[in-house]
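Here's the structure we're looking at; comments come further down.
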Amino acid sequence: MTEETDVIVVGGGVSGLIAARELSGRGLRVTVLEARDRLGGRVWTDHRLGRDLEIGGTWLHWVQPHAWAEVSRYGLEVTRGPRPEEAYWLAGDEVRTGDLDEFMRLIDPGMRRLLDETMRRIPRPDQPAAGAEIADVDGFSVQDKLDELDLPVEEYRANEAAWVGHFNAPLQDGAFTAALRWTAATAGSWHLMHEASAVFRLAAGTKALVSAIAADGDADIRTSTEVRRIEHDADGATVTTAAGDRLRARRVVLTLPQNILGELDVSPALCAEKRAATEERTASRGVKAWIRVRGPIRPFFAYSSAEHPLSVVRTEFNGEEDAVLVAFGADSERISPNDVEAVRAALRAWRDDLDVLEVSGHDWMADPHSRETWLMQRPNQLTQYFEAQRRPEGVLHFAGGDVASLWAGFIDGAVESGLRVAREISDDLR
Ligand SMILES: Cc1cc2nc3c(=O)[nH]c(=O)nc-3n(C[C@H](O)[C@H](O)[C@H](O)COP(=O)(O)OP(=O)(O)OC[C@H]3O[C@@H](n4cnc5c(N)ncnc54)[C@H](O)[C@@H]3O)c2cc1C
């Protein structure tokens, strides 16, 4: 027998849960089908190394309007890691030490020159592909544009490392326009962009946000329910799960990350642009590692370069007995976040005085339900695919942080996209 409902939401990440909350709040019957045995998708608070760690998305900021509205709505407390008291970076093989302000001054000329044209290219970050001058630069990678600056080597390496931290991808794969999008969202200020993307986090973890959204509304939420097939026509869609169950709905919301959307068997097939975007994949293929070291230490920040398996590391928790660092690298094939020896060796790029006790992380690239970390478009994907990726196809609607307009690739973007599809569907069904 085929179960019937008004809306099926495929995916119980932030975007899917927001869509479900909004639609069920408008009186529609909503069923969320989530493949994993937990909700949250690419946000995941897990207890490891003696702390509640964010294995996926972490930081948010008051300049991210959709995420911040959720913080206000649920009264969530926001905190930050310890302020870095020292900074390390590399000039060739030589390790430089100083404070974070010195490092910021070092990268400032490169950042300014690289991002100088931000507001001309993207005058409306909420419509990133609409600017008249965006197509001229969408074919470049951020590496192409960094190379054009011809910076002195110390500045060049430092800028590279900062961008690896943002892109979580080899810089030759990441679109220059992705850097412009982030910076346009903070009205052209690279300092604010930097702060918005990597300082403030939820004190009770993203799990508090996920459970608050899931509990708000009366959607029927089912975990461990993977969707395999969707057949759609003018009246609705039939969804088949991996277990062979069939559900029918008037509308379906798909929230799958770009890299796996094309794996769903959809009939009639999705448009050529959506399929091409999946085939090309996003640029993001990096790694996030958590590292417990013997304490006490002075909280620090360290940047190497794109050549190193870990380009950025910093102290996120600090105690008397131990400290927990978080690190990012461009390519998950170059280092596993669970390989203690490899992580130890990578840290020695800056410091050989740290006693690494344990490491942890998740291989998001190998995870069949994501196969990417946070969205980082490749050159030309913004102008070729962005509009089509968001466009409904008959009764199918598309949400997800990957297809958000303002803070794509962020928790904010996931919320924004969930709100958008809920509005599209309720307008449609009214
Ligand atoms: C390591 C890492 C660090 C990050 N850091 C930050 C950060 O600091 N700040 C920030 O704002 N953002 C960050 N992000 C990005 C942020 O987490 C994501 O943009 C956001 O969570 C995406 O939400 P979503 O709902 O669009 O997608 P997802 O969370 O990917 O949700 C999609 C859901 O669909 C499910 N699914 C997939 N296939 C199927 C199927 N066939 N059937 C049923 N369900 C399916 C998945 O299991 C998943 O739960 C980070 C992400 C990662 C991975």
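Please read all numbers here as calculations on a predicted model, not as lab measurements. Ligands are counted one by one from 1 in listed order, and the atoms in each one are counted from 1 as well.
- The protein heavy atom nearest to atom 5 (N) of ligand 1 is Gly57 CA, 3.2 Å.
- The N/O atoms of Gln64, backbone and side chain alike, include none that comes under 3.5 Å of an N/O atom in ligand 1.
- Considering backbone and side-chain N/O of Thr58, one or more are found under 3.5 Å from N/O of ligand 1.
- Residue contacts with ligand 1, taken as heavy atom pairs separated by less than 4.0 Å, involve Trp364 solely via side-chain atoms from C-beta onward.
- For a threshold of 3.5 Å applied to N or O pairs, the pair formed by Arg36 and ligand 1 contains at least one separation below that value.
- With a heavy-atom cut-off of 4.0 Å, Leu256 touches ligand 1 through its side chain alone.
- For ligand 1, the polar-atom distance check finds an N/O of Glu34 within less than 3.5 Å of one of the ligand's N/O atoms.
- By the 4.0 Å heavy-atom criterion, Leu17 is excluded from the residues contacting ligand 1.
- For Gly40, the closest heavy-atom approach to ligand 1 falls below 4.0 Å.
- Atom 15 (C) of ligand 1 has as its closest protein heavy atom Gly409 O, 3.1 Å.
- Ligand 1 is never approached by Gly413 to a heavy-atom distance shorter than 4.0 Å.
- The environment of Arg112 atom CZ is sparse: at most 12 non-hydrogen atoms of other residues, nucleotides or ligands sit within 6.0 angstrom.
- In terms of polar-atom proximity, Ile260 is not counted as a contact of ligand 1, lacking any N or O under 3.5 Å from an N or O of the ligand.
- Proximity of Thr225 to ligand 1, defined as any heavy-atom pair under 4.0 Å, is confined to the backbone N, CA, C and O atoms.
- Distances between N or O atoms of Ile55 and those of ligand 1 include no value under 3.5 Å.
- Electrostatic pairing of Glu3 and Arg222 counts as a salt bridge here, judged by a charged N lying under 4.0 Å from a carboxylate O.
- Counting only heavy atoms of the protein, atom 21 (O) of ligand 1 lies nearest to Val43 CG1, 3.7 Å.
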